[in-house]
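Counting from 1, the numbers follow the sequence of the chain as shown.
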Amino acid sequence: QVQLVESGGGLVQAGGSLRVSCAASGRTLSSYFMGWFRQAPGKEREFVAFISWSGLSIYYADSVKGRFTISRDNAKNTVYLQMNSLKPEDTAVYYCAAARDRPTYYNPQGYDYWGQGTQVTVSS
């Protein structure tokens with residue numbers, strides 16, 4: 001069993017930056033595939049970014065490509081999402097997710113464990 005806890009969300013002005021973190025407990029994250037998803041009010045949960053256990057495979061949603069960076073520190077059992085040039089449309093609850101086996105990275109159903117989410121609000 002893996003417990004995931006996100007942190008680092010908050011309120012930021014458009015154009016600003018935030019880094020959200022996902023810390024794991026219970027088991028080491030080093031063998032898990034990790035994803036970040038987000039969900040805005042009234043919308044479905046959507047894929048943001050993916051990183052393989054080795055860090056060699058990374059994918060981003062088109063809407064965040066060039067602005068967001070996913071990374072992981074297996075020694076710290078933590079995955080990060082650095083968000084730059086934030087836009088009001090990035091406002092959402094951000095969730096991290098872990099998969100034991102390589103998932104279809106953009107499909108939430110492929111992930112086995114989820115955190116509780118952290119709110120990111122971007123003001124215009």
Below 4.5 Å, heavy atoms only, C-beta onward: do [X] and [Y] meet side chain to side chain?
| X | Y | value |
| --- | --- | --- |
| Gln116 | Val5 | yes |
| Val93 | Thr118 | no |
| Thr28 | Val2 | no |
| Met34 | Arg72 | yes |
| Phe47 | Tyr59 | yes |
| Arg102 | Ser57 | yes |
| Ile70 | Tyr80 | no |
| Phe68 | Val48 | yes |

With a 4.5 Å cut-off on side-chain heavy-atom distances among I, L, V, M, F, W and Y, is there a chain of contacts connecting [X] to [Y]?
| X | Y | answer |
| --- | --- | --- |
| Val20 | Ile58 | yes |
| Val12 | Leu81 | yes |
| Met83 | Phe50 | no |
| Trp53 | Trp114 | yes |

Locate the shortest heavy-atom distance separating [X] from [Y]; write the atom from each residue and the value.
| X | Y | result |
| --- | --- | --- |
| Tyr111 | Gly35 | CE2-N, 3.7 Å |
| Ser71 | Val79 | O-CG1, 3.3 Å |
| Asn77 | Ser30 | OD1-N, 4.4 Å |
| Arg67 | Ser63 | NH2-O, 2.8 Å |
| Leu29 | Ala98 | CD2-CB, 4.4 Å |
| Pro103 | Gly110 | CB-O, 3.6 Å |

Check your understanding: Should we say atom OH of Tyr60 is surrounded by more than 12 heavy atoms from elsewhere, each under 6.0 Å from it?
Key ->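 Yes - once you tally the heavy atoms of other residues, nucleotides and ligands closer than 6.0 Å, there are more than 12.
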Review point. So, is the end of the Arg45 side chain (NZ or CZ) under 6.0 Å from the ring centre of Phe37 and within 45° of the ring's axis?
Key: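 Pair Arg45/Phe37 does not count as cation-pi.
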Within the 3.5 Å criterion, strictly below it, is a donor on [X] or [Y] matched to an acceptor on the partner's side chain?
| X | Y | value |
| --- | --- | --- |
| Asn84 | Ser17 | yes |
| Tyr113 | Arg100 | yes |
| Thr121 | Gln119 | yes |

When rounded to the nearest 0.5 angstrom, what distance separates [atom1] in [X] from [atom2] in [Y]?
| X | Y | atom1 | atom2 | answer |
| --- | --- | --- | --- | --- |
| Ile51 | Leu56 | CD1 | CG | 9.0 Å |
| Leu4 | Ser21 | CG | OG | 12.5 Å |
| Glu89 | Lys43 | CD | NZ | 8.5 Å |

Check your understanding: With no hydrogens and no angle check, is any side-chain donor or acceptor of Ser54 less than 3.5 Å from a backbone partner on Ser52?
Key -> no
Practice item. Please confirm whether the backbone N or O of Ser123 pairs with a side-chain atom of Gln13, one donor and one acceptor, at under 3.5 Å? Key: no
Check your understanding: Centroid-to-centroid, Tyr105 to Phe33, below 6.0 Å?
Key -> no
Practice item. May I ask you to decide whether Asp90 forms a salt bridge with Lys87, counting only side-chain N to carboxylate O separations under 4.0 Å? Key: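 A salt bridge is absent here (no side-chain N lies under 4.0 Å from a carboxylate O).
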Review point. By salt bridge (charged side-chain N to carboxylate O under 4.0 Å, His left out), which residues pair with Glu46, not counting sequence neighbours?
Key: Arg38
Review point. Pairs in or reaching into residues 14-50: which pass disulfide (SG to SG under 2.5 Å), with residues at least two apart or in two chains?
Key: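 Pairs touching residues 14-50 that pass the test: Cys22-Cys96.
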